[in-house]
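First listed ligand is number 1; within each ligand, the first listed atom is number 1. Worth knowing before you read on, the calculation uses all heavy atoms, side chains too, and leaves out hydrogens, waters and symmetry mates. Just so we're clear, the structure is a prediction, and the values are computed from it rather than from any experiment. Nothing fancy with the numbering, it's 1 onward along the sequence.
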Amino acid sequence: MRYDYLIVGAGLFGAVFANEMTKAGKSCLIIDKRDHIAGNVYTRDVKDIPVHWYGAHIFHTSNKATWDYICQYAEFNNFINSPVAVYKDELYNLPFNMNTFSKLWGIKTPAEAKEIIASQIADLNITEPKNLEEQALSLVGTDVYEKLIKGYTEKQWGRDCKELPSFIIKRLPLRFTYDNNYFNDRYQGIPIGGYTKIVEKMIGDVPVILGTSYRDFISQADDEFDRILYTGMIDEYFDYKLGELEYRTVRFEHELMEGVENFQGNAVVNYTERDVPYTRIIEHKHFDFGAQPDTVVSKEYPASWSKGDEPYYPVNNDRNNELFKKYQELADTEDKVIFGGRLGQYKYYDMDKVIEAALDMVALEKGR
Ligand code: UDP
């Protein structure tokens, strides 16, 4: 059997690509090494609760076209992400906003908060932030940095904030209103019924072979495909011949708590102290306003990645970005393989950006 495309990876990128290329009249086959589709957006029902198996995924975007796109495949609820941070038994609202500042300093007005932050920043004398620590300090001052950023970030990335790129922290908004909505985006929600169903719908009738690694598969089937979209790790594809890119991995401890109706009162609770080994606890039912008699919680333990682990986050520091560029040059010399997604493009993508990148790739492919 011949196909126009082999798609390696049944995650969001691969699913959008398969969907669009099928609509354009191309034949596709998808393979995935896991035993399920949907990559890291996979949700699995446990006692009727959609559990975000590889970490919390909250869809948000400001791009209307992207929102309209995803809404073809699911109805979204009106969940708004409002995480709570725990530091030494005190609770603080996220993102950093007037609720946070009021709790930290016992103040009421934006002017008071701005004055405290400005005086903390002035004492630091940072003119051009060179790393995440300096970027964070020059945005929020010392108190917020020490209590809510430093420990969490160093746990998540496994290195000192001085050795991290500042763009990571730009994800975190800072505002002077009493507004706990984590994202600034116009559209936000959780797909009713879970993410797996979205990917299922996108994939439609495209055949999928699960539990199959690319290497094993392609050694016997290379000439069956005109083109190959590879959404796995780009360095692994090239057998690490230029060196290993770094990733962070996360170990999840999922726990079904029978008879516990409500464990923590919020979907996401971050633990910002360095000494607590996990970064957050997710209580999945709250993503869907669930009223089930039981609950499922997941603790998230970040860890350094080594071969064989699941890669989650690319570590986009200078060393890795340089190395990635070299892999990209190699990738450009491949005549039939293209690379996409968080791992293929080595980018810290949100879901909306994954969809947009996949649609861009579709446009390029159609124009070939
Ligand atoms: N962050 C932080 N404290 C928090 C939550 C986030 O300092 O309580 C910082 C941290 O540097 C982290 C970044 O914000 O790496 C992005 O966090 P987010 O939870 O948005 O990322 P996700 O893991 O969900 O992609």
Visitor: I need the atoms of ligand 1 closer than 4.0 Å to a non-hydrogen atom of Tyr182, numbered in the order shown.
Guide: 6 (C), 17 (O), 18 (P), 19 (O), 20 (O)

Visitor: Assert yes or no for the condition that the ring centre distance of Phe176 to Phe101 is strictly below 6.0 Å.
Guide: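 Yes, the ring centres sit under 6.0 Å apart.
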
Visitor: Relative to ligand 1, is Arg280 under 4.0 angstrom through side chain, backbone, both or neither, heavy atoms considered?
Guide: side chain

Visitor: When the side chains of residues 82-89 are checked against the rest of the protein, which donor-acceptor pairs come out under 3.5 Å, sequence neighbours left out?
Guide:
residue	atom	partner	partner atom	Å
Ser82	OG	Asn180	O	3.3

Visitor: Does the structure place the NZ or CZ of Arg251 under 6.0 Å from the centre of the six-membered ring of Tyr301, at an angle of no more than 45° from the ring's axis?
Guide: yes

Visitor: Just which atoms of ligand 1 are under 4.0 Å from any heavy atom in Tyr313?
Guide: 22 (P), 23 (O), 25 (O)

Visitor: Where's the contact between Ile169 and ligand 1, heavy-atom distance under 4.0 Å: side chain, backbone, both or neither?
Guide: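 The answer is the side chain.
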
Visitor: Walk me through whether Asp352 and Tyr187 qualify under side chain to side chain donor-acceptor pair (under 3.5 Å).
Guide: CA-CA 11 Å; Asp352 59 331; Tyr187 308 99; over 6 Å; no

Visitor: N/O of Thr272 under 3.5 Å from N/O of ligand 1, yes or no?
Guide: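 No, since none of the N or O atoms of Thr272 sits under 3.5 Å from an N or O of ligand 1.
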
Visitor: Polar-atom distance check: Leu148 versus ligand 1, any N or O pair below 3.5 Å?
Guide: yes

Visitor: At a non-hydrogen distance cut-off of under 4.0 Å, which region of Asn270 contacts ligand 1 (side chain, backbone, both, or neither)?
Guide: side chain

Visitor: Which atoms from ligand 1 have a heavy atom of Leu94 less than 4.0 Å away?
Guide: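 That gives atoms 8 (O) of ligand 1.
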
Visitor: Has Lys201 got its NZ or CZ under 6.0 Å from the middle of the six-membered ring of Tyr73, at an angle within 45 degrees of the ring axis?
Guide: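 Checked: cation-pi criterion not met.
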
Visitor: Check whether Tyr271 forms a cation-pi arrangement with Lys155 (NZ or CZ under 6.0 Å from the six-membered ring centre, at most 45° off the ring normal).
Guide: no

Visitor: For Ile149, counting its heavy atoms only, list the atoms of ligand 1 lying under 4.0 Å from any of them.
Guide: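 With Ile149 as reference, the close atoms of ligand 1 come out as 7 (O).
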
Visitor: Give a yes or no on whether the ring-centroid distance for Tyr237 and Tyr327 is below 6.0 angstrom.
Guide: no

Visitor: Counting heavy atoms only, which of Tyr87, Tyr152, Phe183 comes nearest to atom 6 (C) of ligand 1?
Guide: Tyr152

Visitor: As an exercise, identify every atom of ligand 1 less than 4.0 angstrom from a heavy atom of Gln156.
Guide: 12 (C), 15 (O), 23 (O)

Visitor: Using a strict 4.0 Å cut-off to heavy atoms of Tyr348, name the atoms of ligand 1 that fall inside it.
Guide: 16 (C), 21 (O), 22 (P), 23 (O), 25 (O)

Visitor: Closer than 4.0 Å to some heavy atom of Trp157 - which atoms of ligand 1 meet that?
Guide: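 Selected atoms, number and element: 15 (O).
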
Visitor: Are the aromatic rings of His52 and Phe79 close, with centres under 6.0 Å apart?
Guide: no

Visitor: Phe339 and Phe324: ring pair (Phe, Tyr, Trp, His ring centres under 6.0 Å), yes or no, with the steps?
Guide: CA-CA 12 Å; Phe339 296 83; Phe324 170 67; 9.1 Å; no

